[in-house]
S.K.: 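Have a look at this one before I ask anything.
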Amino acid sequence: MLELRFIRENIDLVKEKTSRRGMETTLLDKFADIDQQRLAILTEVEGLKNKRNVTSNEIAVLKRGSESEKKKAEPLIAEMKETSRRIKDLDARLNTIKEELHHIVMAIPNLCDDDVPVGMDDTDNIEIRKWGEKPTFSFTPKPHWELGEELDIISFEQAAKLSGARFALLKGFASKLDRALTNFMLDLHTQKHGYTEVLPPFLVNSASMTATGQLPKFEEDLFKIKDWDLYLIPTAEVPVTNIHRDETLSENDLPVKYTAYTPCFRSEAGSHGRDTRGLIRQHQFNKVELVKFTRPETSFSELESLLLEVETVLQMLELPYRVVTLCSGDLGFSAAKTYDIEVWLPGQNCYREISSCSNFLDFQARRGGIRYRPNGQKKSKLVHTLNGSGLAVGRTLLAVMENYQQKDGSIALPEILRPYFKSRFIPV
RNA sequence: GGAGAGGUGACCGAGUGGCUUAAGGUGCACGCCUGGAAAGCGUGUGUACGAGAGUACCGUGAGUUCGAAUCUCACCCUCUCCGCCA
């Protein structure tokens with residue numbers, strides 16, 4: 001959410017920046033009109049309320065006085081009866097307008113940072129660096145879904161029986177590898193990168209979804225629990241960022257850093273026909289997430305260190321990747337700037353997103369009332385929030401399978417996973 | 001699911017219709033004091049909207065009233081006990 005006053009005073013800038021994202025600006029034309037109506041009614045009703053407060057005090061004084069003074073209160077009471085009726089009317093109108101305005105403001109995306117390249121879609125994203133040597137094969141490398149079925153460690157068919165399309169059943173070595181990767185990532189982030197591990201609820205209420213920006217605009221992307229105000233989380237970002245909703249943190253505690261392993265649930269509405277094979281796009285997948293709460297001054301440097309921490313995971317797993325800066329049109333609703341890390345997949349001969357690291361500035365903090373008190377100052381300020389996947393476990397698993405596949409169909413494993421997986425490879 | 005108790009500022013906690021402009025305390029900040037610190041003393045200390053005067057906010061939403069933190073109703077949440085259950 002952007003500040004009301006900021007939108008009012010910078011309406012052209014807001015229009016320009018939202019159109020960079022490829023969004024309609026008609027909403028913003030409506031904003032100015034409704035905002036003006038709101039201020040007019042607000043002024044009137046506040047004047048009446050002031051009168052009511054003052055007169056009520058007068059009545060109180062008269063009522064404590066003599067009989068004749070008590071009599072004097074009666075016309076005042078009659079007058080206030082009428083005033084109260086008008087206040088009630090105006091308040092009702094004001095509430096309607098406020099709701100309309102709130103709807104508009106909640107539908108305005110964050111302003112993209114000036115560093116963000118202007119573009120339409122992912123083809124306009126800018127590669128900023130590459131790491132690692134793509135593996136060479138003496139044979140044609142297979143996609144992971146073929147490897148998984150041949151080794152009998154992933155079954156899409158059985159998962160379809162249980163749940164339908166876009167689900168997978170990991171078996172034996174695959175489920176063990178998923179667990180090994182998760183533990184490796186959590187250990188790295190807690191022991192080397194200074195994150196506190198949390199295990200949050202996987203169902204959250206609408207207030208939480210609203211603070212991080214999934215609601216009200218993107219409800220169709222979520223799974224909702226029937227008859228409950230609960231949604232399955234699409235990412236750990238939601239419960240973890242909401243840990244400090246409506247709280248004031250101490251500046252000395254910043255940056256606050258959490259890592260969480262959770263399953264993630266996404267409806268994938270609107271992506272029919274895309275990535276239908278394999279583990280790439282599932283309704284349910286596991287992810288290790290990193291979340292930071294920072295001072296405004298340091299959020300961009302914290303974004304850079306977050307990116308490096310995520311890259312470390314891929315480097316330790318010796319998986320080749322590249323980093324891209326998302327262009328304005330590809331940026332998520334709440335983010336001001338995002339780096340995507342894309343891992344090399346030899347079985348599909350392409351790079352695929354495996355992590356997304358974003359700075360949300362105070363956009364989520366304002367929605368969620370997440371503040372801190374700067375040392376030596378009276379007024380609290382909004383924190384900045386950031387998060388990044390460190391990493392999406394399912395996609396890491398398939399990247400390991402494709403990059404480490406052997407001619408005989410077995411899969412070698414990164415050295416770093418030895419303490420977690422115990423054996424060196426997944427046998428045929 | 002049943003019974004009971006409760007939800008007040010950064011935190012604790014008083015407050016059952018109008019001298020409440022939310023007491024008091026803790027914490028925090030600044031000042032005095034000190035060789036320096038602690039203690040002590042003093043001052044200040046929320047959020048939103050508004051150019052400002054001001055208005056609103058005591059779990060949420062309605063209601064009663066000239067006037068509600070305070071009374072009524074509904075709902076949400078927390079705690080204790082009982083029941084059921086991994």
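Protein chains get the first letters and strands the later ones, always in sequence-line order, with residue 1 at the start of each. In this text, all values refer to a predicted model and were calculated from it rather than measured experimentally.
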S.K.: Looking at A:R366, does any N or O in its side chain come under 4.0 Å of the phosphate oxygens OP1/OP2 on B:U47?
M.R.: no
S.K.: Please compare A:L4 and A:K51 by the position of their nearest nucleotide in RNA chain B and report the one closer to 5'.
M.R.: A:L4
S.K.: Could you tell me how far apart A:M1 (CE) and B:A48 (P) are, to the nearest whole angstrom?
M.R.: 10 Å
S.K.: Just compare B:G18, B:A48, B:A56 and give me whichever is closest to any side-chain atom of A:K49.
M.R.: B:A56
S.K.: With both distances under 3.5 angstrom, what nucleotide forms a Watson-Crick or G-U wobble pair with B:C66?
M.R.: B:G18
S.K.: B:C33 and B:U80: how far apart are their C1' atoms, nearest whole angstrom?
M.R.: 49 Å
S.K.: Is it true that atom CE of A:M106 has more than 12 heavy atoms of other residues, nucleotides or ligands lying nearer than 6.0 Å?
M.R.: yes
S.K.: Could you tell me whether A:K381 and A:E297 make a salt bridge, using a distance below 4.0 angstrom between a side-chain N and a carboxylate O?
M.R.: yes
S.K.: Please determine whether a side-chain nitrogen or oxygen atom of A:K81 lies at a distance below 4.0 Å from atom OP1 or OP2 of B:C66.
M.R.: yes
S.K.: Do other residues, nucleotides or ligands put more than 12 heavy atoms under 6.0 Å from A:K171 NZ?
M.R.: yes
S.K.: I need the CG-P distance between A:L249 and B:C11, as an integer number of Å.
M.R.: 11 Å
S.K.: Taking the P atom of each, how far is B:U64 from B:G54, in whole Å?
M.R.: 30 Å
S.K.: At a heavy-atom distance below 4.0 Å, what parts of residues 36-45 of chain A sit against RNA chain B?
M.R.: A:R38, A:L39, A:L42
S.K.: So A:D229, base contact, sugar-phosphate only, or nothing? Heavy-atom distance under 4.0 Å.
M.R.: nothing
S.K.: Is the number of heavy atoms from other residues, nucleotides or ligands within 6.0 Å of CD (A:Q37) greater than 12?
M.R.: yes
S.K.: Could you tell me how far B:A69 sits from B:G6 if I compare only their C1' atoms? Round to whole Å.
M.R.: 15 Å
S.K.: Can you check whether A:N53 has a side-chain N or O nearer than 4.0 Å to OP1 or OP2 of B:U55?
M.R.: yes
S.K.: Between A:E79 and A:K51, is the closest basic N to carboxylate O distance under 4.0 Å?
M.R.: yes
S.K.: Roughly, in whole Å, what's the span from CG in A:N50 to P in B:A53?
M.R.: 12 Å
S.K.: To the nearest Å, how far apart are A:L48 CG and B:G50 P?
M.R.: 19 Å
S.K.: Below 4.5 Å, heavy atoms only, C-beta onward: do A:L27 and A:T18 meet side chain to side chain?
M.R.: no
S.K.: Is there a side-chain contact between A:T196 and A:T259 (heavy atoms, below 4.5 Å)?
M.R.: no
S.K.: Who pairs with A:F293 by ring-ring contact (aromatic ring centres under 6.0 Å, His included), at least two apart in sequence or on another chain?
M.R.: A:H244
S.K.: Using a cut-off of 4.0 Å on non-hydrogen atoms, how would the nucleic acid contact of A:K98 be classed: base, sugar-phosphate, or nothing?
M.R.: nothing
S.K.: In whole Å, what separates the P atom of B:G13 from that of B:G7?
M.R.: 9 Å
S.K.: For the side chain of A:S380, counting heavy atoms from C-beta on, which of B:U55, B:G67, B:U47 is nearest?
M.R.: B:U47
S.K.: A:W228 has an atom CH2; how far is it from atom P of B:C75, in whole Å?
M.R.: 15 Å
S.K.: Taking B:C58 as the reference, what is the distance to B:A5 when you measure between their P atoms (whole Å, please)?
M.R.: 23 Å
S.K.: Given B:G18, B:G67, B:A53, which nucleotide is nearest the side-chain atoms of A:R52?
M.R.: B:G67
S.K.: Using the P atom as the point on both nucleotides, what is the distance between B:C84 and B:G2, in whole Å?
M.R.: 15 Å
S.K.: Just call it for A:R8: base, sugar-phosphate, or nothing, with non-hydrogen atoms closer than 4.0 Å on any strand.
M.R.: sugar-phosphate
S.K.: Is A:I59 touching bases, backbone alone, or none of the nucleic acid, heavy atoms closer than 4.0 Å?
M.R.: base
S.K.: Students often get this wrong, so: under 4.0 angstrom with heavy atoms, is A:S84 touching a base, only sugar-phosphate, or nothing?
M.R.: sugar-phosphate
S.K.: For B:U64 and A:K88 - does any side-chain N or O of the residue sit under 4.0 Å from the phosphate oxygens OP1/OP2?
M.R.: yes
S.K.: Both distances below 3.5 Å, Watson-Crick or wobble geometry, any strand: find the nucleotide opposite B:G42.
M.R.: B:C30
S.K.: Just name whichever nucleotide pairs with B:G6, Watson-Crick or G-U, keeping both distances under 3.5 Å, else none.
M.R.: B:C77
S.K.: In whole Å, what separates the C1' atom of B:G17 from that of B:U72?
M.R.: 13 Å
S.K.: Mind running ring pair (Phe, Tyr, Trp, His ring centres under 6.0 Å) on A:F333 and A:F363 for me, showing each step along the way?
M.R.: CA-CA 10 Å; A:F333 179 77; A:F363 189 83; 5.7 Å; yes
S.K.: Paired with B:C11: which nucleotide, if any, by Watson-Crick or G-U wobble criteria at under 3.5 Å for both distances?
M.R.: B:G25
S.K.: Suppose we define a pair by two distances each less than 3.5 Å, Watson-Crick or G-U wobble; what does B:G1 pair with here?
M.R.: B:C82
S.K.: Take the protein atom NZ of A:K381 and the nucleotide atom C1' of B:A10, then report the distance between them rounded to whole Å.
M.R.: 17 Å
S.K.: Expressed as a whole number of angstroms, how long is the span from A:E247:CD to B:C11:C1'?
M.R.: 12 Å
S.K.: Given atom NE2 of A:H244 and atom P of B:C11, what is their separation to the nearest angstrom?
M.R.: 13 Å
S.K.: If we take the C1' atom in both B:A48 and B:G42, what is their distance in whole Å?
M.R.: 32 Å
S.K.: Before we go on, tell me: are the rings of A:F202 and A:F265 under 6.0 Å apart, centre to centre?
M.R.: no
